[in-house]
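Presented below is the structure to which this report refers.
Positions are given from 1 along the sequence. As a basis for the values below, the full set of heavy atoms in this structure was taken, side chains included, without hydrogen atoms, waters or symmetry mates.
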Amino acid sequence: MVAMDVDGVLTDGALVLGDGGESKVFHARDGLGVSVARRAGLSFAIVTGRDSVAVRTRAEELRIEVLLQGCRNKGDALRRIAADHGLDVDEIAFVGDDWNDLPALRIAGLTAAPADAPFDIRRRCDFVASMKGGHGAVREFLEWLLDAQGGWANAAERWVETLEANGEARQ
């Protein structure tokens, strides 16, 4: 399973607040990466300290299995996800970008951060993307992870073949 923070990981970290609520900008390449990796057998979780309708909508679009919003301690959230899904926490990869992600980064089996995460967070991670948060860092991590498991390109080809066979037009 791959668990991810949102602000600074799936988005660039900017918070757009207005009379109508909160808006977030997600990168399509991250979404496609999640879709390909899900079809390759990975499952996903979003673990975020904020509560946002935009995040709920994006999780539904990407068919992300677990969505935990309003999490104060992301390490406890990871333990709960592991227990609920019959996993050890070391079977979960976590992508985070800041100090509030450290409790999860300390216990996850594999850790990643975007290029623009603070140095003290990046140095604690197994993988640091060359891309910034909200600009393809998650996709880059998933490509790296799937390459280590036998190949991103093969997974992407299978994803395209499935789309063509099913006549699907969306992620």
Ignoring hydrogens and geometry, is there a side-chain-to-backbone donor-acceptor pair from [X] to [Y] under 3.5 Å?
| X | Y | answer |
| --- | --- | --- |
| Asp126 | Thr111 | yes |
| Arg38 | Leu62 | yes |
| Arg29 | Arg139 | no |
| Asp116 | Lys132 | no |
| Thr57 | Val53 | yes |

Atom of [X], atom of [Y] and distance for their closest heavy-atom approach:
| X | Y | value |
| --- | --- | --- |
| Ala115 | Ala129 | CB-O, 3.1 Å |
| Ala137 | Pro114 | CB-CB, 3.8 Å |
| Ala113 | Ala117 | CB-CB, 4.0 Å |

Heavy atoms of other groups near [X] [atom1], more than 12 under 6.0 Å:
| X | atom1 | value |
| --- | --- | --- |
| Arg72 | CZ | no |
| Glu157 | CD | no |
| Arg80 | CZ | no |

Do you see a donor-acceptor pair shorter than 3.5 Å between the side chains of Glu22 and Ser52?
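Glu22 vs Ser52: donor-acceptor pair found between side chains.
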Can you confirm whether [X] sits close enough to [Y] that some side-chain heavy atom of one is under 4.5 Å from a side-chain heavy atom of the other?
| X | Y | result |
| --- | --- | --- |
| Thr11 | Lys24 | yes |
| Val6 | Phe26 | yes |
| Leu68 | Lys74 | no |
| Arg158 | Arg39 | no |
| Asp98 | Asp5 | no |
| Leu145 | Leu110 | yes |
| Trp99 | Asp120 | yes |
| Val66 | Phe44 | no |

Look at the rings of His135 and His27 and say which category their plane angle falls in: under 30° parallel, 30 to 60° tilted, over 60° perpendicular.
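Ring orientation of His135 relative to His27: perpendicular.
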To the closest 0.5 Å, what do you measure between CG (Asp97) and CG (Leu102)?
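That separation rounds to 11.5 Å.
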Can you tell me how far the CD1 atom of Ile64 sits from the CE atom of Met4, to the nearest 0.5 Å?
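Reported value, rounded in 0.5 Å steps: 4.0 Å.
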Using the rule given for salt bridge (charged side-chain N to carboxylate O under 4.0 Å, His left out), can you reason through Arg58 versus Glu61, listing the C-alpha separation, both sets of side-chain angles and the distance that settles it, and then say yes or no?
CA-CA 5 Å; Arg58 188 63 171 154; Glu61 287 175 350; 3.0 Å; yes
State yes or no: do Trp144 and Val138 share one hydrophobic cluster built from I, L, V, M, F, W and Y residues joined by side-chain heavy-atom distances below 4.5 Å, directly or via other members?
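Yes, same cluster.
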Common cluster, Val36/Phe141, ILVMFWY with side-chain heavy-atom separation under 4.5 Å
yes
